[in-house]
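Convention: sequence-line order gives letters A, B, ...; per-chain numbering from 1.
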Amino acid sequence: MPELPEVETVRRGLALRMEGRRLARVEQRRPDLRFPLPPRFRERLEGRRVERLGRRAKYILVHLDGGETLLVHLGMAGRMVLVEPSARVARDPHDHVVFVLEDGTEIRFNDARRFGTMDIVADDRLFDHKLLKELGPEPLGNEFSGPVLEERLAGRRTPLKAALLDQRVVAGLGNIYVSESLFWAGLSPRRLAGTVKGPRAERLAAAIRDVLERAIAAGGSSLRDYVQASGELGYFQHEWAVYGRAGEKCPGCVCTLGIRQIVQSGRSTYYCPARQR
DNA sequence: ACGAGAACCTGTTTGC
DNA sequence: TGCAAACAGGTTCTCG
């Protein structure tokens, strides 16, 4: 669900509340999410101070004192629900992990589908962690460019759509932002990934960066169950050019075809067949 | 080795 | 209106 812009929005919201504070109490309300939580999960977190909140791809990195980091992935439907100390809001059955700060503020990890993940990792081996080590470049980082993207797509005989969902190619895109990026780059989601070279790769890298930056500026896309840590809604869904707009007129050209919806590797893809080649 | 599809789990939307 | 099927922002595993 949450893709890079939503995760970044949540990270920023949580940073305001969590950085510099201690995790006074941690409640683990079931043994597993997508995978089992690590042994002694609660004991290893209680009393630790949150130094800083970082992000890698769709993972939130809660850097703790004592040289360890809590890794959090929101999966498809995961949320971090902030509850003020004064607010007596009833627990939801899907609040699987609750972090209570020194001042009584609660951060509830809520994830009905349980596709989310958490782990505790030693800082000196953080990027060797199996969930992080294969990830491709950060699309908003300096290391991302047309030539880098071209190299990562080279030789791939899968549709471009599928390749961009592969977190080893570029890290952080999901189903919405792949469709949006391809629209702005003018590239067909059905094109063979390995054919994206030179100016096309440049356009695609630029489009990815631009769409993600605009989405973060809008606080992400709120749809069904996604909300910012603060509880506010993001509003980038109103700026979607193609996602969820099957049959509507293409916003970028005069064609009469309208936006088409197809299914690729089991997921919906939206695109303008006239503008995107 | 690579790519397509199923699987994981629950809630919401769609269609008959 | 009611019910069942289809679908949902992600990732990993299996199979060909």
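Looking at heavy-atom distances under 4.0 Å, A:Leu131 makes contact with sugar-phosphate atoms alone, never a base. Note on A:Thr117: nothing from the nucleic acid sits closer than 4.0 angstrom, heavy atoms only. Residue contacts shown for A:Arg114 are limited to sugar-phosphate atoms, with no base heavy atom under 4.0 Å away.
Taking the charged nitrogens against the carboxylate oxygens, A:Arg260 and A:Glu248 have no contact shorter than 4.0 Å, which rules out a salt bridge. A salt bridge links A:Arg30 and A:Asp32; the closest N-O separation between the charged side-chain nitrogens and carboxylate oxygens is under 4.0 Å. Between A:Glu19 and A:Arg49 no salt bridge is recorded (no basic side-chain N to carboxylate O distance below 4.0 Å).
Looking at DNA chain C, the stems built from 3 or more consecutive Watson-Crick or G-U wobble pairs, each pair with its key distances under 3.5 Å, are B:2-8 with C:10-16, B:10-16 with C:2-8.
By the 4.5 Å heavy-atom criterion applied to side chains, A:His94 and A:Arg113 are not counted as neighbours. Counting heavy atoms from C-beta on, the side chains of A:Val72 and A:Tyr59 never come closer than 4.5 Å.
Across the protein-nucleic acid pair, A:Arg79 atom CZ and B:dC9 atom C1' stand 16 Å apart, rounded to whole Å. Counting to the nearest Å, the P atom of B:dC8 and the CZ atom of A:Arg267 are 17 Å from each other. The CD-C1' distance, from A:Gln261 to C:dC7, rounds to 10 Å in whole Å. Look at OH on A:Tyr270: it is 10 Å from P on C:dC7, rounded to the nearest Å. In this structure, CD1 of A:Ile176 is placed 10 Å from C1' of C:dA8, rounded to the nearest angstrom. If you take NE2 of A:His96 and C1' of B:dG11, they are 12 Å apart, rounded to a whole angstrom. Rounded to whole angstrom, the span from the CZ atom of A:Arg30 across to the P atom of B:dC8 amounts to 15 Å. Counting to the nearest Å, the C1' atom of C:dT11 and the OH atom of A:Tyr59 are 7 Å from each other.
Looking at A:Ser188 and A:Gln276, their side chains never bring a donor and an acceptor atom within 3.5 Å of each other. Residues A:Asn110 and A:His96 bring no donor and acceptor atom of their side chains to less than 3.5 Å of each other. Side-chain polar atoms of A:Glu6 and A:Tyr177 form a donor-acceptor pair below 3.5 angstrom. Checking A:Gln261 against A:Tyr270 by side-chain atom types alone, a donor-acceptor pair falls below 3.5 Å. Using a 3.5 Å distance cut-off with no hydrogens or angles, the side chains of A:Arg17 and A:Thr105 do pair a donor with an acceptor.
The P atoms of C:dA6 and B:dA6 are separated by 13 Å, rounded to the nearest whole Å. Here the separation of B:dC9 from C:dC3, taken at their P atoms, is 26 Å to the nearest Å.
With centroids closer than 5.5 Å and planes inclined by less than 30 degrees as the test, A:Phe115 and the base of C:dT11 fail to qualify as a stacked pair.
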Which letters describe nucleotides 1-7 of chain B, given B = protein heavy atom under 4.0 Å from base, S = only from sugar-phosphate, - = neither?
--SS---

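Using a 4.0 Å cut-off, no side-chain N or O of A:His73 falls inside it from OP1 or OP2 of C:dG10. A close approach under 4.0 Å does occur between a side-chain nitrogen or oxygen of A:His94 and OP1 or OP2 of B:dG11. Dashed line: the shortest gap from a side-chain N or O of A:Gln167 to OP1 or OP2 of C:dT11 is under 4.0 Å.
Checking C:dT12, C:dG10, C:dA8 against every side-chain atom of A:Lys58, the shortest atom distance belongs to C:dG10.
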